[in-house]
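Note that ligands are numbered from 1 as they come in the structure, with each ligand's atoms numbered from 1 the same way.
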Amino acid sequence: MNNPFENALKQLRRASDIHKFPDDLIERLSHPNRELRISIPVKMDDGSLMVFEGYRVQHNNARGPYKGGIRYHKDTDINEVKALAFWMTLKCAVANIPMGGGKGGITLDPKALSKRELESLSRGWVRGMADVLGPKKDVPAPDVNTTPEIMGWMSDEFEKASGDMTRATFTGKPISLGGSEGRGAATGLGGFYVFNNLRTEYSLPEKCSVAIQGFGNVGSNAAEIFSAEGHKVIATSDSKSAILKEDGIDTKELTVYKAKNGKLEGFPGSKTITNEELLLLPCDVLVPAALENQITEKNADRVKAKLILELANGPITPEADEILFSKGIPVVPDILANSGGVIVSTFEWEQNLKNEHWSESEVLEKLRSILCEQSGAIHQKSVELKTDLRRAAFILAISRIAKAMGY
Ligand code: NAD
C-alpha cells in the first residue's frame, strides 16, 4: 500500500528538483509542526465502552492559522492525516488565502455507529483537542464522512470547552449555526471553475464527456454542475460499484435514486462496471473524487482520458504522475482543483469573525475570481517551466510559504 505522506514528500522533491529552494526550507516542510493522537472513549448503545483513536496534525502556520478537514474512515491513520495536512499548507498558499495547513481524523467505520454514538465521538474529539484549536490557532472543517451536522456538534462542544462564542473555529457548519452560503457545493463548483478556465488551453471540446469516481459530497456536486453546464456525465461510482451510461446520466435523478436505494447500481439505463474500469474509460475528463492512490504505476499507462481533474486529495501517485506527463495527459492537481472548499471555509471564518452573512452570489463571485486568477498563474508557470501543473502549483505555493517563513 502506498504511504500517502511518502508520496507527498516525493511530490515535494519532484518540484524542488526543477526549482532550487533552500535545503533548509524543504527540510522544514518535510516535517509537520505538531502531531497529536488522542484516545476517545465512547459509551456505546449496548452499554460497552469503545476507545477510538483521533488525530490532529498541524503542518505549517506561517501564512495563518492551521486549516483543514477532519476525516472519519476505517483506513485513516497518522500517515494519511500528515499527508493531508501537508497538502493543506500548499493548497492555502495556492489559493493565496491567509491560512496554514492542518488535518484531523478518527479511525472508524462511521456506518457502524448510531447517530448518538457518532455525536458522542465527535464531541469527544473536540474535548481532546480543544487546547490547540481556536479561530486564530486552528480551524477544522468537514472531509470524507464528516457532515455539516457533525461540524455543528463540534462547534457547540468547542463553545462549551473554550467559552469562545465567535463560531469561527469550525467551518462547514449548517447555515443556521453560522455556516456560509455556497459551502456545500464549493469544492465541486471550484473544480468546475478551474476546469472551465483551463479547458481551451488543452483544446477540449465545448461539451465534454466526464467520468467521476466517487458520488459523495464533492463528486455528486461536481456531477450536477458539469451536467447543468451542458457536459455529459457518462460514469460515476461509490465504494460499492460504478455505473456507466454512455448517453449521459441524469445526475439529479441519480441523487434521488441513491438516496432511496443506498446504491448507484441498478440506475435505469446504466451498466454496472468496476471502479478500475471507470478510471480507464475513454472520455474527455476524468474526475477522481473519492480517496488517495487510485491511479498508480499499475494503471496509469492505460488511462484514456484527455484531462484529469483531481477533486480528491492525492488520487495519483508520483510514479503515475510521471507516466501521465510522458503520455501528455494534463493533470489539474488537487491543491488547485479542490481548493474551492477551503476558500469558502475561509470566507465562513471571516464572516463569523466579522459577524456578517454574505449572499450566495457574493461568495461564488469571490470564489470564481480567486480560482480564475490562480489557475491562470499556475498554467502560465507550467508553460514557462515546460512542466506539469502539479510542479507549477507546488513551486508557486512554496515560493509564497518561503516568503512568509522569512526565506
Ligand atoms: P464523501 O464521504 O462525501 O464521499 C466520498 C465518496 O467516495 C463516496 O461516494 C464513497 O462511496 C466513495 N468511495 C469511497 N471509497 C471508494 C472507493 N474505494 N472507490 C470508489 N469510490 C469510493 O467525501 P467527500 O467530502 O466528497 O470527499 C471526497 C474527496 O474529496 C476526498 O479525497 C476529500 O479529501 C476531498 N476533498 C473534500 C472536500 C470537501 O469539502 N468535502 C474539500 C477538498 C477535498
Side-chain angles (χ1 to χ4, degrees), residues 1 4 8 67-76 80-81 83-88 90-92 94-95 101 103-105 108-111 140-151 170-173 179-180 182-191 194 211-224 235-243 254-255 258-259 262-265 273-279 286-296 299 309-316 332-348 367 371:
M1 181 64 185
K67 181 95 196 77
I70 304 167
R71 178 173 292 194
Y72 287 1
H73 198 274
K74 63 178 176 33
D75 299 330
T76 289
E80 182 182 64
V81 180
L84 291 163
F86 167 85
W87 287 320
M88 286 307 296
L90 294 169
K91 197 179 299 185
C92 293
V94 158
K103 202 83 183 189
L108 84 153
D109 174 7
K111 288 183 192 130
D143 190 70
V144 172
N145 288 321
T146 46
T147 58
E149 186 178 36
I150 294 177
M151 293 304 114
F170 286 85
T171 60
K173 302 179 292 290
S180 177
R183 176 62 184 89
T187 307
L189 184 59
V194 171
I212 302 179
Q213 186 195 37
F215 199 69
N217 172 26
V218 175
S220 66
N221 276 302
E224 293 221 354
T236 188
S237 64
D238 59 15
S239 56
K240 294 181 205 122
S241 64
I243 58 166
L254 183 62
T255 302
K258 162 107 188 174
K263 56 177 188 174
L264 302 172
E265 203 172 354
I273 57 172
T274 63
N275 258 295
E276 179 70 7
E277 284 167 334
L278 180 146
L279 297 172
L286 172 64
V287 184
L291 297 171
E292 298 92 62
N293 297 331
Q294 300 300 303
I295 302 176
T296 67
N299 57 5
L309 181 70
E310 282 189 329
L311 292 190
N313 284 306
I316 301 179
V332 187
D334 45 10
I335 57 170
L336 169 65
N338 71 27
S339 63
V342 72
I343 294 171
V344 177
S345 269
T346 302
F347 296 161
E348 181 175 333
L367 173 66
L371 287 173

When you measure from atom 4 (O) of ligand 1 to every protein heavy atom, which one gives the shortest distance, and what is it? G216 CA, 3.2 Å
Nearest to [atom] by heavy atom, [options]: which?
atom	options	value
atom 11 (O) of ligand 1	S237, S239, P315	S239
atom 21 (N) of ligand 1	D238, I335, I343	D238
atom 36 (N) of ligand 1	L291, D334, N313	N313
atom 22 (C) of ligand 1	A290, A222, A186, G172	A290

Got a second to check how far [X]'s [atom1] is from [Y]'s [atom2], nearest 0.5 Å?
X	Y	atom1	atom2	answer
L286	I295	CG	CD1	5.0 Å
M151	T146	CE	OG1	4.5 Å
H73	S239	NE2	OG	7.5 Å

Just heavy atoms, cut-off under 4.0 Å: does [X] contact ligand 1 by side chain, backbone, both, or neither?
X	answer
N217	both
T187	side chain
E276	neither
K240	neither
A141	neither
L84	neither

Distance filter under 4.0 Å to [X] heavy atoms, resulting ligand 1 atoms:
X	answer
R183	40 (O)
N275	19 (N), 20 (C)
N338	43 (C), 44 (C)
F215	9 (O)
A289	28 (C), 29 (C)
R71	31 (C), 32 (O), 33 (C), 34 (O)

Side chains of [X] and [Y], heavy atoms from C-beta outward: is any pair under 4.5 Å?
X	Y	value
T187	N221	no
I243	L254	yes
C92	V342	yes
N217	T147	no
L367	V344	yes

Begin with the C-alpha distance, continue with both residues' side-chain angles, and end with the deciding distance and a verdict on side-chain contact (heavy atoms from CB on, under 4.5 Å) for F215 and T255. CA-CA 9 Å; F215 199 69; T255 302; 3.7 Å; yes
May I ask you to decide if R183's main-chain N or O and S180's side chain share a donor-acceptor pair within less than 3.5 Å? no
Please report the C-alpha distance between E80 and R71 in whole Å, then the side-chain angles of each, then the deciding distance to 0.1 Å, and finally whether the salt bridge (charged side-chain N to carboxylate O under 4.0 Å, His left out) criterion is met. CA-CA 10 Å; E80 182 182 64; R71 178 173 292 194; 3.0 Å; yes
